[in-house]
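Letters A, B, ... are given to chains in the order of the sequence lines, protein chains preceding strands, and every chain is numbered from 1. No hydrogens, no waters, no symmetry mates; every other heavy atom, side chains included, goes into these values.
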There are 2 protein chains.
Amino acid sequence: MQSGEYTVGQLATAARTKAVTIRYYERQGLMRIPTRTPGGYRIYRSDDLDRLLFILRCRHFGFSLENVRELLQLADQTDAPCAEVDAKVARHLDEVRERLAELQSLEAELQRLSRCCAGGGIVKDCRIIESLSRDIGNSKTPACTP
Amino acid sequence: MQSGEYTVGQLATAARTKAVTIRYYERQGLMRIPTRTPGGYRIYRSDDLDRLLFILRCRHFGFSLENVRELLQLADQTDAPCAEVDAKVARHLDEVRERLAELQSLEAELQRLSRCCAGGGIVKDCRIIESLSRDIGNSKTPACTP
DNA sequence: CTTGACCTTATAGCAACTATAAGGTGCATC
DNA sequence: GATGCACCTTATAGTTGCTATAAGGTCAAG
């Protein structure tokens with residue numbers, strides 16, 4: 001193993017991820033097939049580290065592995081127009097905003113649910129259980145108004 | 001099949017879910033084991049519908065099946081104190097708020113990323129790809145200031 | 001008694017890993 | 001050269017909450 005070369009574990013450490021994840025990315029066609037030592041150990045170089053970091057940054061932005069695969073393909077075609085990259089990011093942003101809206105209304109509902117129970121009673125009288133047993137989501141009159 | 005009784009498909013329709021989901025909940029120990037017709041068809045009654053609706057409402061609130069299992073157990077012990085129910089809901093609300101915060105910062109980051117690309121260039125000059133290739137999340141100077 | 005809609009089970013797949021088992025390699029030390 | 005230990009290899013199963021498929025059986029109507 002020469003300088004500037006990494007085993008899978010060293011690459012993992014350098015990118016703050018795990019060896020299993022790198023091998024998984026290889027099986028999924030995201031990481032390139034590396035060369036091997038005579039004994040079969042994977043050998044990575046700095047461009048593999050770049051590629052891994054690119055993947056991890058995309059993941060950090062919430063892109064699926066499928067999306068990352070596509071982004072990698074686009075990034076490799078340096079002369080292609082970047083409208084597709086732009087569109088992919090925009091679409092992903094839309095999806096994130098959608099999930100955000102869902103989670104916000106979920107938070108509001110849960111907060112309402114949470115305030116139903118003062119905390120000192122028994123299950124039989126618990127307004128939370130009552131709320132979960134009736135269809136509070138669809139009723140016009142709320143299950144409880146704390 | 002008498003009135004007030006349901007096949008799995010009828011129960012599914014009544015609860016606006018699917019038969020496979022009900023059978024799945026049975027395997028996971030959420031729905032009770034139903035009686036069967038001589039031919040082996042599951043027969044449900046209205047309390048099974050209540051239980052299914054309870055499960056689906058919990059799911060709507062984002063509880064995991066594991067949580068729902070626990071909530072069902074608590075709901076069955078009508079004389080137990082409901083502090084545990086209260087705590088479970090509060091903990092879940094905390095988790096939802098955490099995910100919400102993560103998603104909000106993700107949205108901000110993605111929006112910044114999105115504005116990096118004007119849309120007319122080629123991949124080689126694309127600020128988005130550049131941003132994904134550099135570690136913009138950890139750099140003090142932003143990858144681009146559109 | 002046939003048709004057709006429904007039911008039954010078992011099994012595999014999805015995403016993105018994580019965990020486990022059983023064994024092999026590389027390198028330093030004795 | 002032998003030993004020890006950290007690390008590597010593969011294959012396989014598990015996670016969550018379903019969904020899809022296959023191959024077959026049942027029910028009720030006509």
Let's see if you can work this out: which of C:dT9, D:dT9, D:dT19 has an atom nearest to the side-chain heavy atoms of A:V8? D:dT9

If the cut-off is 4.0 Å, is A:T21 near the phosphate of C:dT18, judged by side-chain N/O to OP1 or OP2? yes

Protein-nucleotide distance (A:E26, atom CD; C:dA16, atom C1'), rounded to Å: 16 Å

Could you state the CD1-P distance from A:I22 to D:dC7, rounded to the nearest angstrom? 14 Å

Taking atom P of C:dC7 as reference, at what distance in whole Å does atom CD of B:E5 sit? 15 Å

Spacing between B:I43 atom CD1 and C:dT8 atom P, to the nearest angstrom: 10 Å

Among C:dT8, C:dT18, D:dT10, the nucleotide that comes nearest once only the side chain of A:K18 is considered: C:dT18

Can you figure out which of D:dT19, C:dC17, D:dG17 approaches the side chain of B:R59 most closely? D:dG17

Touch check for B:R23, heavy atoms < 4.0 angstrom, all strands: base, sugar-phosphate only, or nothing? base

Do any side-chain nitrogens or oxygens of A:T7 fall under 4.0 Å of OP1 or OP2 in D:dC8? yes

Provide, to the nearest angstrom, the distance between the CD1 atom belonging to A:I55 and the P atom belonging to C:dC17. 10 Å

Derivation of the side chain to side chain contact (heavy atoms under 4.5 Å, CB included) call for B:L93 and B:F61: CA-CA 9 Å; B:L93 182 53; B:F61 280 109; over 6 Å; no

Without decimals, in angstroms, what is the distance between A:Y24 OH and D:dT12 P? 17 Å

Looking only at side-chain N and O atoms, does A:S64 come under 4.0 Å of OP1 or OP2 in C:dA15? no

Between A:P38 and B:G9, name the one whose nearest nucleotide on DNA chain C is closer to the 5' end. B:G9

Output the rounded distance in Å from OH (B:Y44) to C1' (C:dC6). 14 Å

Is a side-chain N or O of A:D125 found less than 3.5 angstrom from the main chain of A:I122, in a donor-acceptor match? no

Under 4.0 Å between a side-chain N/O of B:Y25 and OP1 or OP2 of D:dG17, yes or no? no

Distance col, row A:S64:OG vs A:H92:NE2, nearest 0.5 angstrom, shows 8.0 Å

Would you please confirm or rule out a distance under 4.0 Å between OP1 or OP2 of C:dG26 and any side-chain N or O of A:T37? yes

Under 4.0 angstrom between A:R42 side-chain N/O and D:dT9 OP1 or OP2: yes

Any donor and acceptor pair, going by atom type alone, linking the side chain of B:E109 with main-chain N or O of B:L106 inside 3.5 Å? no

Can any side-chain N or O of B:S131 pair as donor or acceptor with the backbone N or O of B:R127 at less than 3.5 Å? yes

Is the phosphate of C:dA15 approached by A:R27 (side-chain N or O, under 4.0 Å from OP1 or OP2)? no

More than 12 heavy atoms from other groups under 6.0 Å of CD on A:E70: yes

Does any N or O donor sit under 3.5 Å from an N or O acceptor when you compare the side chain of B:Y41 with the base of D:dG25? yes

Hey, does B:F63 reach any base, or is it just sugar-phosphate, or nothing, if we go heavy atoms under 4.0 Å? nothing

Between A:L11 (CG) and D:dT9 (C1'), how many Å, whole number? 17 Å

